[in-house]
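Worth knowing before you read on, the calculation uses all heavy atoms, side chains too, and leaves out hydrogens, waters and symmetry mates.
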Amino acid sequence: MGGKRIFILVDASASMLDETVVGVIRRRNLADKDKVKSVKWRQAVATVDWLTTQIPPTSKFQIYTFNETATPLSEETRGTWLDAGDVDVLNDSVNRMRKVIPQKGTSLVNAFKAIGNMKPAPDNLFILA
């Protein structure tokens, strides 16, 4: 993985609960504690965990989730780049990712607007959907 500014965008809509429409419909009504156990969602969270271990320590990064809106894992970091050399920041990001509950619909428009609001722009983008 390379880049000075790495943006990770993770779909956190209900579609991340299963591979099939029928599976999504069944799982979207489960309790939150059961939603986060979905295989597809656990794979997405594990991928974010792995990606954060690959970010060069000299880089900046940001992780947003999106469903109907796009939000950073930590609201106070909206629109800012985080220091990948700070292990605590990386660990906090992964811990916050583990607390996200997949829900609602999907708006790629809002996801891409969030990317466009980053200044300077990312030079490496990962989209997990």
Side-chain angles (χ1 to χ4, degrees):
M1 176 185 301
K4 293 179 182 177
R5 292 170 308 280
I6 300 162
F7 196 96
I8 301 171
L9 185 61
V10 184
D11 183 349
S13 69
S15 68
M16 295 300 286
L17 295 172
D18 201 277
E19 295 291 335
T20 68
V21 173
V22 172
V24 168
I25 292 169
R26 286 182 181 155
R27 289 184 170 276
R28 73 178 177 188
N29 295 320
L30 294 174
D32 288 349
K33 67 180 180 63
D34 296 319
K35 288 178 185 176
V36 296
K37 294 177 185 176
S38 163
V39 172
K40 185 175 180 181
W41 182 246
R42 287 191 339 233
Q43 289 172 337
V45 173
T47 301
V48 170
D49 189 2
W50 182 81
L51 284 171
T52 60
T53 68
Q54 305 304 306
I55 299 173
T58 57
S59 296
K60 301 289 184 186
F61 78 101
Q62 183 55 272
I63 304 172
Y64 272 56
T65 60
F66 71 98
N67 48 32
E68 294 169 354
T69 61
T71 58
L73 290 176
S74 178
E75 185 58 41
E76 63 270 12
T77 68
R78 180 178 294 278
T80 63
W81 291 106
L82 306 175
D83 181 8
D86 187 334
V87 175
D88 291 334
V89 171
L90 287 165
N91 288 336
D92 182 60
S93 296
V94 172
N95 288 333
R96 287 175 184 267
M97 186 68 215
R98 289 187 177 115
K99 295 176 183 173
V100 174
I101 310 296
Q103 58 189 341
K104 301 183 182 178
T106 305
S107 172
L108 275 172
V109 169
N110 290 329
F112 287 121
K113 282 181 184 177
I115 296 168
N117 289 333
M118 296 298 294
K119 303 292 184 238
D123 57 6
N124 202 346
L125 172 63
F126 292 86
I127 301 174
L128 306 177

- Would you say Ile127 and Phe61 are hydrophobically clustered, going by side-chain heavy atoms of ILVMFWY under 4.5 Å? no

- Task: Please confirm whether the backbone N or O of Gly116 pairs with a side-chain atom of Lys119, one donor and one acceptor, at under 3.5 Å?
- Result: yes

- Shortest non-hydrogen contact between Val100 and Trp41, atoms and distance: O-NE1, 3.5 Å

- Task: To the nearest 0.5 angstrom, please state how far the CD1 atom of Ile6 sits from the OG atom of Ser59.
- Result: 4.0 Å

- For Asp11 and Leu128, what are the C-alpha separation, side-chain angles and deciding distance, and is it a side chain to side chain contact (heavy atoms under 4.5 Å, CB included)? CA-CA 6 Å; Asp11 183 349; Leu128 306 177; over 6 Å; no

- Message: Strictly below 4.0 Å, N to O, side chains only: are Lys40 and Asp18 in salt-bridge contact?
- Response: no

- Task: To the nearest 0.5 Å, tell me how far Leu9 CG sits from Leu108 CG.
- Result: 7.5 Å

- Query: Going hydrophobic residue to hydrophobic residue with side-chain gaps under 4.5 angstrom, can you get from Leu17 over to Val21?
  - Reply: no

- The reported gap from CZ in Arg42 to CZ in Arg98 (rounded to nearest 0.5 angstrom) is 12.5 Å

- Task: Give the intermediate values and the outcome of side chain to side chain contact (heavy atoms under 4.5 Å, CB included) for residues Met1 and Asn124.
- Result: CA-CA 9 Å; Met1 176 185 301; Asn124 202 346; 4.1 Å; yes

- Message: Is there a path of hydrophobic side-chain contacts, each under 4.5 Å between heavy atoms of I/L/V/M/F/W/Y residues, joining Val36 to Leu73?
- Response: yes

- Query: CD1/Ile8 to OG1/Thr47 distance, rounded to the nearest 0.5 angstrom?
  - Reply: 10.0 Å

- Note on the structure: Scanning both residues in full, the closest heavy-atom pair of Met118 with Gly79 reads SD-CA, 3.6 Å

- Task: Determine whether Ile115 and Pro122 make a side-chain contact, defined as any pair of heavy atoms from C-beta on separated by less than 4.5 Å.
- Result: yes

- Message: As a quick check of understanding, evaluate side chain to side chain contact (heavy atoms under 4.5 Å, CB included) for Asp49 and Val45, giving each step before the final call.
- Response: CA-CA 6 Å; Asp49 189 2; Val45 173; 5.7 Å; no

- Compare every heavy atom of Lys35 with every heavy atom of Pro102, then report the nearest pair and how far apart it is. O-CD, 3.8 Å

- Message: If you compare all heavy atoms of Gly85 against all heavy atoms of Asp83, which two are closest, and at what distance to 0.1 Å?
- Response: N-OD1, 2.9 Å

- Query: If you group Ile, Leu, Val, Met, Phe, Trp and Tyr by side-chain heavy-atom gaps below 4.5 Å, do Leu51 and Val10 land in one group?
  - Reply: yes

- Note on the structure: Only one of Val94, Val89, Val87 passes side chain to side chain contact (heavy atoms under 4.5 Å, CB included) with Asn91, and that residue is Val87

- Message: Applying side chain to side chain contact (heavy atoms under 4.5 Å, CB included) to Gln62 and Thr77, what does each step give before you reach the verdict?
- Response: CA-CA 8 Å; Gln62 183 55 272; Thr77 68; 3.4 Å; yes

- Roughly how far, to the nearest 0.5 Å, is the CZ atom of Phe112 from the CG atom of Asn117? 13.5 Å

- Task: Could you state whether Val22 and Val24 fall into the same hydrophobic cluster, counting links through intermediate Ile, Leu, Val, Met, Phe, Trp or Tyr residues with side-chain heavy atoms under 4.5 angstrom apart?
- Result: no

- Query: Is there side-chain contact between Met97 and Thr65, with heavy atoms separated by less than 4.5 Å?
  - Reply: yes

- Message: Ser13 vs Ser15, test: side chain to side chain donor-acceptor pair (under 3.5 Å). Steps then yes/no.
- Response: CA-CA 5 Å; Ser13 69; Ser15 68; 2.8 Å; yes

- Task: Hey, could you give me the CG/CD distance between Asn67 and Gln103, rounded to the nearest 0.5 Å?
- Result: 6.5 Å

- Look at the side chain of Arg5 and the backbone N and O of Ala121, then say whether any donor-acceptor pair between them is shorter than 3.5 Å. yes

- Item | Aromatic ring proximity Tyr64/Phe7, centre distance under 6.0 Å | yes

- Item | Lys4, NZ atom: more than 12 neighbouring heavy atoms under 6.0 Å | no

- Query: What closest approach, in Å, do Lys60 and Trp81 show between heavy atoms, and which atom pair accounts for it?
  - Reply: CB-CB, 3.6 Å

- For atom CZ of Arg78, decide whether the heavy atoms of other residues, nucleotides or ligands shown that lie under 6.0 angstrom number more than 12. yes

- Query: How close do Ala84 and Leu90 get, heavy atom to heavy atom, and via which atoms?
  - Reply: O-CD1, 3.1 Å

